[in-house]
K.L.:
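First, the structure itself, so that you have it in front of you.
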There are 2 protein chains.
Amino acid sequence: MAIIFSRKCELGIQAVLYLASAEGREVISSEEIANELKIPKEFISKILQELTSSGIISSKKGKMGGFSLAKNPNKIHLIDIVLAIDGADIFSKCVLGFPNCSSETPCPMHATWSQLIDETFKMLSEETIDNYKNKVLRKIESLK
Amino acid sequence: MAIIFSRKCELGIQAVLYLASAEGREVISSEEIANELKIPKEFISKILQELTSSGIISSKKGKMGGFSLAKNPNKIHLIDIVLAIDGADIFSKCVLGFPNCSSETPCPMHATWSQLIDETFKMLSEETIDNYKNKVLRKIESLK
DNA sequence: TTTTAATCAGATAAAAATATCTGATTTAAC
DNA sequence: GTTAAATCAGATATTTTTATCTGATTAAAA
Ligand code: SF4
Ligand code: SF4
């Protein structure tokens with residue numbers, strides 16, 4: 001189903017981007033996020049909880065509660081979300097599924113794949129969600 | 001669990017590489033492959049069946065039966081195995097999981113990711129299993 | 001202070017992926 | 001021809017991932 005990120009991670013990124021695009025407003029309810037992203041409220045709630053406990057977003061309980069970014073959008077990198085939800089496995093494990101390969105006698109796939117995944121890691125680490133929010137907002141609007 | 005290929009696909013690649021490394025012998029039984037790769041015989045059998053029906057390997061039934069490459073190892077590309085088992089989704093679907101994105105108003109992730117996945121596709125298409133077999137055989141031996 | 005609307009936390013359900021079982025079929029060797 | 005060893009095909013079981021439900025807690029507003 002998912003390409004390289006888990007579904008949870010995909011939706012986590014989408015949700016954080018949506019929060020970023022709603023700058024200026026205090027908090028956004030999980031219901032609004034669910035409606036905008038066209039996914040069940042309960043599922044995104046679970047994901048938002050994970051992101052809250054890892055410090056990327058913050059939540060306000062009670063009536064008029066909701067979620068907001070925990071820090072400035074130019075301080076949040078995509079890699080933060082990926083690591084919080086999916087962990088670091090994709091950046092370290094063998095792409096062919098061999099257990100405990102030390103890459104002492106690397107197979108020919110190793111070099112190319114290492115380079116690709118390193119570039120991916122670099123991209124995710126460099127890009128802040130600040131750079132993304134407006135374009136993705138348009139994307140979300142096109143879902144309506 | 002798996003990075004970008006499904007577990008089936010990982011094991012499919014491993015199995016084809018093992019067949020390639022056993023050049024000269026007529027057929028290899030699924031049991032031998034299972035033992036060498038340290039995975040259940042029944043699971044690899046299912047995968048070998050899929051690869052047989054997609055024409056990458058061929059099988060010989062009955063006593064003394066087993067599997068062998070269907071063509072010269074320099075004619076089999078890694079992409080053949082990936083497409084046969086996992087299909088083309090990873091090369092075309094949105095990495096953020098947005099449905100039907102036409103990339104008319106691409107988000108900033110699009111360009112970088114497209115490039116990375118295109119390079120992956122290119123690598124898988126260019127590399128034949130002939131290039132891989134010896135190194136991977138060493139890898140398999142190190143599992144013992 | 002009571003009501004209401006929201007998150008939170010943990011349990012549960014459903015779906016998908018992964019793995020295993022069973023029996024039929026095929027073919028080599030006796 | 002019979003037996004034995006292998007694939008083949010489809011059903012079933014297990015595990016993991018994805019999704020949903022339920023009830024408790026929190027805090028704003030009446
Ligand atoms: S060398 Fe090959 S088998 Fe080893 S970790 Fe790298 S890709 Fe995997
Ligand atoms: S533009 Fe962005 S949202 Fe659209 S397919 Fe590309 S990565 Fe996905």
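All values reported here derive from a predicted model rather than from experimental measurement. The chains referred to below are lettered A, B, ... by the order of the sequence lines, with proteins before strands, and numbering in each begins at 1.
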K.L.:
Need one value for A/K46: base, sugar-phosphate or nothing, where a base atom within 4.0 Å counts as base even if backbone is also close, heavy atoms only.
P.N.:
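Base contact.
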K.L.:
With respect to the side chain of A/K61, which nucleotide from D/dT20, D/dT26, D/dA28 is positioned closest?
P.N.:
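When the side chain of A/K61 is considered, D/dT26 is the closest of D/dT20, D/dT26, D/dA28.
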K.L.:
Starting from C1' on C/dT4, measure out to CD on A/E31 and report it in whole angstrom.
P.N.:
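From A/E31 CD to C/dT4 C1': 14 Å.
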K.L.:
Look at the side chain of A/K41 and decide which nucleotide, out of C/dT20, D/dA19, C/dT7, has an atom nearest to it.
P.N.:
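The answer is C/dT7.
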K.L.:
Given D/dA6, D/dA28, D/dT18, which nucleotide is nearest the side-chain atoms of A/M64?
P.N.:
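Closest nucleotide among those given: D/dA28.
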K.L.:
DNA chain D: A/K8 or A/K63, which has the more 5' nearest nucleotide?
P.N.:
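The residue mapped nearer the 5' terminus is A/K8.
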K.L.:
Can you find a pair of side-chain heavy atoms, one from A/L69 and one from A/I129, that are under 4.5 Å apart?
P.N.:
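SC-SC contact between A/L69 and A/I129 confirmed.
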K.L.:
How many whole angstroms separate atom NZ of A/K60 from atom P of D/dT25?
P.N.:
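In whole Å, D/dT25 P lies 21 Å from A/K60 NZ.
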K.L.:
Examine C/dA6: is either OP1 or OP2 under 4.0 Å from a nitrogen or oxygen in the side chain of A/S29? Give yes or no.
P.N.:
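It does not, given that no N or O in the side chain of A/S29 lies less than 4.0 Å from OP1 or OP2 of C/dA6.
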K.L.:
Does A/K75 have any salt bridge (Lys or Arg N to Asp or Glu O under 4.0 Å) partners at least two apart in sequence or in another chain, and if so, which?
P.N.:
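Salt bridge (Lys or Arg N to Asp or Glu O under 4.0 Å) list for A/K75, sorted by chain: empty.
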K.L.:
Which one, D/dT7, C/dA19, D/dA19, comes nearest to the side chain of B/F67?
P.N.:
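It is D/dT7.
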K.L.:
Between P on C/dA6 and CD on A/Q49, what's the gap in Å once rounded to a whole number?
P.N.:
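Taking CD of A/Q49 and P of C/dA6, I get 16 Å after rounding.
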K.L.:
Test side-chain hydrogen bond (donor to acceptor under 3.5 Å, both in side chains) on A/Q14 and A/E10 and set out the steps.
P.N.:
CA-CA 6 Å; A/Q14 291 185 20; A/E10 288 178 353; 5.5 Å; no
K.L.:
Check this one for me: any side-chain N or O of B/S6 less than 4.0 Å away from OP1 or OP2 of C/dA17?
P.N.:
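B/S6 to C/dA17 OP1/OP2: no side-chain N or O under 4.0 Å.
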K.L.:
Which nucleotide in the list D/dA19, D/dA27, D/dT20 gets nearest to the side chain of A/L11?
P.N.:
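Of the options given, the side chain of A/L11 lies nearest D/dA19.
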K.L.:
Nearest heavy atom decides the nucleotide; on that basis, is A/G62 or A/I44 closer to the 5' end of DNA chain D?
P.N.:
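This one resolves to A/I44.
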K.L.:
Between A/N35 (CG) and C/dA6 (C1'), how many Å, whole number?
P.N.:
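So the CG-C1' distance, A/N35 to C/dA6, works out to 15 Å.
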K.L.:
In whole angstrom, what separates A/E50's CD from D/dA19's P?
P.N.:
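Nearest whole value for this atom pair: 13 Å.
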K.L.:
Nearest-Å distance, CZ (A/R7) to C1' (C/dA15)?
P.N.:
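For the pair A/R7 CZ and C/dA15 C1', the rounded distance is 14 Å.
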K.L.:
Checking all strands, does A/S45 fall into the base, sugar-phosphate, or nothing category for heavy-atom contacts under 4.0 angstrom?
P.N.:
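A/S45: no heavy atom of the nucleic acid under 4.0 Å.
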K.L.:
Rounded to the nearest angstrom, tell me the gap between atom CD in B/E42 and atom C1' in D/dG10.
P.N.:
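Taking CD of B/E42 and C1' of D/dG10, I get 14 Å after rounding.
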K.L.:
Whole Å only: how far is the CD1 atom of A/I85 from the P atom of D/dT16?
P.N.:
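It works out to 20 Å between those atoms.
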K.L.:
Look only at the side chain of B/D86 and the backbone of B/S6, and say whether a donor-acceptor pair between them is shorter than 3.5 Å.
P.N.:
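Yes; at least one donor-acceptor contact below 3.5 Å.
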K.L.:
State whether the side chain of B/N35 and the backbone N or O of B/E32 hold a donor-acceptor pair below 3.5 Å, judged by distance alone.
P.N.:
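No; zero donor-acceptor contacts below 3.5 Å.
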